[in-house]
There are 2 protein chains.
Amino acid sequence: MRVRDESKIETILDEARSMIVKVGFDGLSMQKLAKAANVSPATIYIYFKDRDDLLLQLYKRECDQFFAYIFQDFDPEMDFATGLTIQWKKRAKYIIDNPDKGHFMEHFTFTPLHAQAKRTRDPKYTDSMKRFVQKAIANGELVKMSLEVYWSVAFAPLYNLVRFHKIGRNMAGDPFVLTDEMLLQTLALVLKALKP
Amino acid sequence: MRVRDESKIETILDEARSMIVKVGFDGLSMQKLAKAANVSPATIYIYFKDRDDLLLQLYKRECDQFFAYIFQDFDPEMDFATGLTIQWKKRAKYIIDNPDKGHFMEHFTFTPLHAQAKRTRDPKYTDSMKRFVQKAIANGELVKMSLEVYWSVAFAPLYNLVRFHKIGRNMAGDPFVLTDEMLLQTLALVLKALKP
DNA sequence: AAGATAAGTGAATGTTCATTCATTTAAAAT
DNA sequence: ATTTTAAATGAATGAACATTCACTTATCTT
């Protein structure tokens, strides 16, 4: 039998992500996507059940790649400041170096499709972060708080700054460019907030 | 001449917001919107040039209403902790009480249309916040930082928690319900981060 | 009460949409 | 070399799309 061209799948997903960032979910059509990926519309349906399935698989792939990356070099047994700094810098580097990927993942969470995104993500990453946080609290390195409060204080400011940077404007619509200095200062503020 | 029924505009915009939150931007069609708002599709085009114009006007209306609300009872001459606490609580109340409005405004910022959102917002709000921050820094109540870093540290954690609450899940997909206790703790952490 | 005007409409327009299907193509298996 | 199998396709399908248009309706002005 003829063999699957796996690179087609990658191309289709890459083009889909890039189109969504450029023209939005409502600008993405299967025919335009097929053209951009140099395949027939029918080919897309070999690999994806329908449009929703394509988007859900794309989201899953992006999350998997992102998590695999940010948990490199991270060990939950690290001391709190070290571990958080590594996590922060990994996340910052990934979404600054791959602005479309970060933008897509965030955009997707506001979509109704996000409710259907299966919890098939490898739980090892979540478990690792839970362990890291609980251990830091037990060791007196981190104020006692829920995982959600921790995550929000630790990472939401970072994602927000990078988003300002990507769109080139701040909350008021003024031009904005992110600097390393700002990132480091924000990390320092976050550490200050979280340390007892 | 026949008089404009201004309530029609409100109904159309309200239904549009609610549809977008429920079915996404790609699920919103002018015909379905017309049906939901109990008007003819042609009526929508009396008030809005086209679909994009409708969405842009909706975003503007939501932002205007939001800013008018959160700057009530706020005075940039307040001391830093008081002013930030008022801002924080106003924002929290608004987006928790009006989850669709908050969701729509945030979702919209990820949309390509956001780049076209005119800077017609009343600058008095931005000016007020700038004055508040600069004065707090000058008074030694706030670490020296850019407006963007301030905003990200101060408010991004709040918006993130409320978003978890709205979708009912945290970053790992586990069920999540926001409590007042968490909100207050997060505010305290943010204040700790920002105060010298 | 009549006329003027703009609000409001239902049906129609041509386009684009997601998806399918009959057919062709490439490569593995024999 | 031939057969088998699934990948891959271009064209087609009917539904849904944004928008328009000829027309009706309500209300203000006179």
Side-chain angles (χ1 to χ4, degrees), chain A residues 1-61 104 107-108 111-117, chain B residues 1-59 61 104 107-108 111-114 116-117:
Chain A
M1 68 159 189
R2 192 168 171 181
V3 78
R4 277 198 178 199
D5 183 351
E6 293 292 334
S7 77
K8 276 198 167 57
I9 304 182
E10 296 300 306
T11 307
I12 291 167
L13 291 177
D14 287 347
E15 289 295 333
R17 187 192 58 231
S18 138
M19 285 181 68
I20 288 163
V21 170
K22 204 180 290 172
V23 295
F25 280 84
D26 45 350
L28 175 81
S29 87
M30 299 306 264
Q31 337 223 30
K32 286 191 283 188
L33 173 58
K35 187 153 286 183
N38 279 310
V39 296
S40 158
T43 303
I44 299 177
Y45 288 86
I46 295 172
Y47 299 104
F48 307 99
K49 188 177 148 292
D50 53 27
R51 196 183 112 112
D52 281 3
D53 181 50
L54 167 76
L55 295 173
L56 287 165
Q57 281 192 229
L58 172 56
Y59 179 64
K60 183 178 179 342
R61 188 192 69 154
F104 169 77
H107 188 173
F108 190 89
T111 282
L113 224 46
H114 184 240
Q116 297 176 45
Chain B
M1 69 160 185
R2 191 169 172 179
V3 79
R4 276 199 180 198
D5 184 351
E6 294 291 334
S7 76
K8 276 199 167 55
I9 304 181
E10 296 299 305
T11 307
I12 291 167
L13 291 176
D14 286 347
E15 290 294 333
R17 187 190 59 231
S18 138
M19 286 181 67
I20 287 163
V21 170
K22 204 180 290 171
V23 296
F25 280 84
D26 45 349
L28 175 83
S29 88
M30 300 304 265
Q31 336 223 29
K32 286 191 286 190
L33 173 58
K35 189 154 283 183
N38 278 312
V39 297
S40 158
T43 303
I44 298 177
Y45 289 85
I46 296 172
Y47 298 104
F48 307 99
K49 187 178 149 293
D50 53 27
R51 197 184 108 113
D52 281 3
D53 181 51
L54 167 77
L55 295 173
L56 287 164
Q57 279 193 230
L58 172 56
Y59 179 65
R61 190 192 68 156
F104 169 78
H107 187 172
F108 190 88
T111 282
L113 225 44
H114 184 239
Q116 297 177 44

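A heavy-atom distance below 4.0 Å to DNA chain D is reached by none of the residues of residues 4-20 of chain B. Residues of residues 44-53 of chain B having a heavy atom closer than 4.0 Å to DNA chain D, listed by number: B:Y45, B:D50, B:R51.
Taking only side-chain nitrogens and oxygens, A:K32 comes nearer than 4.0 Å to OP1 or OP2 of C:dC17.
Residues A:F25 and B:F25 keep their aromatic ring centres 6.0 Å or farther apart.
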Pick out the pairs of N or O atoms, protein on one side and nucleotides 10-12 of chain C on the other, that lie under 3.5 Å.
unit_1, atom_1, unit_2, atom_2, d
C:dG10, N7, B:S40, OG, 2.9

Just the atom pairs and distances: protein N or O near nucleotides 23-29 of chain C's N or O, under 3.5 Å.
unit_1, atom_1, unit_2, atom_2, d
C:dT25, O2, A:R2, NH1, 3.2
C:dA28, O4', A:M1, N, 3.3
C:dA28, O4', A:M1, O, 3.1

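Across the protein-nucleic acid pair, A:L33 atom CG and C:dC17 atom C1' stand 13 Å apart, rounded to whole Å. Distance B:D26 CG to C:dA18 C1': 12 Å, rounded to the nearest Å.
In plain terms, the two heavy atoms of A:G24 and B:P112 that are nearest each other are N-CG, 3.3 Å. The two residues B:V23 and B:L28 have their closest heavy-atom pair at CG2-N, 4.2 Å. Across all their heavy atoms, A:Y59 and A:H114 have their closest contact at OH-NE2, 3.5 Å. Between B:A34 and B:S40, the shortest heavy-atom contact is CB-C, 3.9 Å.
Side chain of A:T111 to main chain of A:L113: no donor-acceptor pair is present (N/O by atom type, distance under 3.5 Å, no hydrogens or angles).
Contacts between chain B and DNA chain D, taken as any atom within less than 4.0 angstrom of a protein heavy atom, begin and end at D:dC17 to D:dC28.
Listed by first and then second residue, the salt bridge (Lys or Arg N to Asp or Glu O under 4.0 Å) pairs involving residues 12-21 of chain A are A:D14-A:R17, A:D14-A:R61, A:R17-A:E62 (not counting sequence neighbours). Sorted by first and then second residue, the ring-ring contact (aromatic ring centres under 6.0 Å, His included) pairs with a member in residues 36-58 of chain A form an empty list; sequence neighbours excluded. Screening residues 19-46 of chain B for salt bridge (Lys or Arg N to Asp or Glu O under 4.0 Å) gives A:R51-B:D26 as the qualifying pairs, with residues at least two apart or on separate chains.
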Go through A:F108 and A:L58 one step at a time and tell me if the side chain to side chain contact (heavy atoms under 4.5 Å, CB included) criterion holds.
CA-CA 10 Å; A:F108 190 89; A:L58 172 56; over 6 Å; no
* To do: Apply the test side chain to side chain contact (heavy atoms under 4.5 Å, CB included) to residues A:I44 and A:V39: give CA-CA distance (whole Å), side-chain angles for both, the deciding distance (0.1 Å), then the verdict.
  => CA-CA 8 Å; A:I44 299 177; A:V39 296; 4.2 Å; yes
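Evaluation of the salt bridge (charged side-chain N to carboxylate O under 4.0 Å, His left out) rule for B:R4 yields no partner, not counting sequence neighbours. Every residue meeting the salt bridge (charged side-chain N to carboxylate O under 4.0 Å, His left out) condition with B:D5, not counting sequence neighbours, appears here in chain and number order: B:K8. A:Q31 is linked by a side-chain hydrogen bond (donor to acceptor under 3.5 Å, both in side chains) to nothing, counting only residues two or more places apart in sequence or in another chain. Remark: A:R2 pairs with no residue by the side-chain hydrogen bond (donor to acceptor under 3.5 Å, both in side chains) rule, at least two apart or across chains.
Among the atoms of the strands shown, only primed sugar atoms or phosphate atoms (P, OP1, OP2) are found under 4.0 Å from some heavy atom of A:L28.
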